[in-house]
There are 2 protein chains.
Amino acid sequence: MARTRAALLAAAADVFAERGYDGASVDEIARAAGVSVGSIYSRFGSKQDLFRALMTGHLEGDLHRVRSGMDAGPEQGLAELEAVLLETARSRPATLLDAESWAVAMRTPAMRAAVSDHHRRVRDEAAAMVARGRAAGGVDLGVPDDEVATAMIALFHGLVREYRLGVPGEAPPDLYSRMVHALATGLAALAADGGPPGEP
Amino acid sequence: MARTRAALLAAAADVFAERGYDGASVDEIARAAGVSVGSIYSRFGSKQDLFRALMTGHLEGDLHRVRSGMDAGPEQGLAELEAVLLETARSRPATLLDAESWAVAMRTPAMRAAVSDHHRRVRDEAAAMVARGRAAGGVDLGVPDDEVATAMIALFHGLVREYRLGVPGEAPPDLYSRMVHALATGLAALAADGGPPGEP
DNA sequence: GTCTATAATTTGATAGAC
DNA sequence: GTCTATCAAATTATAGAC
């Protein structure tokens, strides 16, 4: 049944997150899903393919959400980015699975392309959002949109990591959007001050 | 010998980084170090304690470097932070080991305190650096130093993650210091514009 | 302190009945 | 498609000789 597939992916998300890729056993995933190990190999072929299917699904879901938010404009896009950030950071499985996806991609050449491509797509989307914001506000940031997008994404993942670490007395929920705004403001100020393009 | 301990820690760094904590076997670490598995258990007691010793050493080394740089002043501190960032990002074992330390800490209560405390120390150090920079420049950033420090550290780890992903055409080496400067500039501009403290 | 040999489990994966 | 039973290999850790 398709029921089995869904149950397996849900169970795999929990177990892979909690134990890590190598620490998770197919037996535990099967038990958590209420099926047998045979079903896993019948549907996914191998442990690695199960993880790949799980990871790919999550990456596509995230990209879709980010794109939807950014289609509504830069302000709405940033708000959606912050919403995704908070949801991810507040979900232990989501945070651990994100980190595990990166780690597995680093160590498994066959999986690296998927994560790398996903990252490039998100970055391009963010860069386009920066370009729209620039045009709307009529400002010059003095640096390529790609670099601003890279910083935005880095801040995103870095904050997820820090939120999860749970050091007391830090990081209010709107920190991300405030810092991105400040970054844009500062870049614009430095560009206006430091040297306009086309200056002799 | 103390020789054995050093060789084991060096080998453990490589193997744990390349295979992950669960993927690494004590047998492979022993082979890489040129000793036997018995020596590992004689010196470290368990696989977990070996990892703990390795991780603790790296965390202390990083903290010491960051502190040294920041003692020389905010500008020098930021430069040192960027130097550590580039060194970490350019070293595959260093990047993977950092990520693995976080992941293991998340999953092992006994290890979480070490990573969490380390993070708090680095954040406090960065916050003190921000305070000194504020005082030197006579500016108000409008937000607590802790929040600026949190953003700086998040940007640090996020950039390490992105650099290692190796998406083409991104992230020049001085991106970090430029973005931190822009962030500070933007915060100061927004604070001056939005509302001075003590205003009626 | 370091080695070799081995114990005791657990692992990913498969075969074959239904 | 899903199950149970099973395999072969690998795993952490220990015991005891040197």
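Labels below follow one simple rule: chain letters A, B, ... track the order of the sequence lines, proteins then strands, and each chain is numbered from 1.
Ion pair A:D145/A:R134 flagged as a salt bridge, since at least one NZ, NE, NH1 or NH2 atom sits closer than 4.0 Å to an Asp/Glu carboxylate oxygen. Salt-bridge formation is not detected for the pair B:D62/B:R65: no Lys NZ or Arg NE/NH1/NH2 atom is positioned less than 4.0 Å from an Asp or Glu carboxylate oxygen. Using a 4.0 Å cut-off between charged side-chain N and carboxylate O, A:D71 and A:R67 make no salt bridge.
Remark: P of C:dG12 and NZ of A:K47 are 4 Å apart, rounded to the nearest angstrom. Between B:R3 atom CZ and C:dC3 atom C1' there is a gap of 20 Å when expressed in whole angstrom units. Note: CZ (A:R19) to C1' (C:dG12) measures 17 Å, nearest angstrom. As a whole-Å value, the separation of A:R31 CZ from D:dT4 P is 13 Å. Going from atom CG of B:D27 over to atom C1' of C:dC3 covers 13 Å, rounded to whole Å. Straight-line distance from the CD1 atom of A:I40 to the P atom of C:dT14: 13 Å, rounded to whole Å. One can place CD1 of B:I29 at 11 Å from P of D:dT11, the figure rounded to the nearest angstrom. Summarising the geometry, the separation between CG on B:L50 and P on D:dT12 is reported as 11 Å, rounded to the nearest angstrom.
With C:dT4, D:dT2, D:dT12 as the choices, the nucleotide that has an atom nearest any side-chain atom of A:S42 turns out to be D:dT2. Comparing C:dT4, D:dC3, C:dG12 against the side chain of A:V35 picks out D:dC3 as the nearest.
For B:R43 and A:D22, each mapped to the nucleotide of DNA chain C holding its nearest heavy atom, the one lying further toward the 5' end belongs to B:R43. Both A:V37 and A:G23 lie near DNA chain C, and the one whose nearest nucleotide falls closer to the 5' end is A:G23.
Across all strands shown, A:S36 has heavy atoms under 4.0 Å from base atoms, whether or not it also approaches the sugar-phosphate. Within 4.0 Å (heavy atoms only), B:A2 reaches no atom of the nucleic acid at all. A:A30 comes within 4.0 angstrom of nothing in the nucleic acid, heavy atoms only.
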Only distances under 3.5 Å count here; give the side-chain donor-acceptor pairs of residues 1-12 of chain B to other protein atoms, sequence neighbours excluded, each with its distance to 0.1 Å.
none

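Considering only side-chain N and O atoms, A:R5 lies nowhere under 4.0 angstrom from the phosphate OP1 or OP2 of D:dG1. For D:dT12, neither phosphate oxygen OP1 nor OP2 lies less than 4.0 angstrom from any side-chain nitrogen or oxygen of B:S46. One finds a side-chain N or O of B:Y41 lying less than 4.0 angstrom from the OP1 or OP2 phosphate oxygen of D:dA13. At the phosphate of D:dT2, OP1 or OP2 sits under 4.0 Å from a side-chain N or O atom of A:T4.
Contact check for B:R161 versus B:T95: no side-chain heavy atoms found under the 4.5 Å cut-off.
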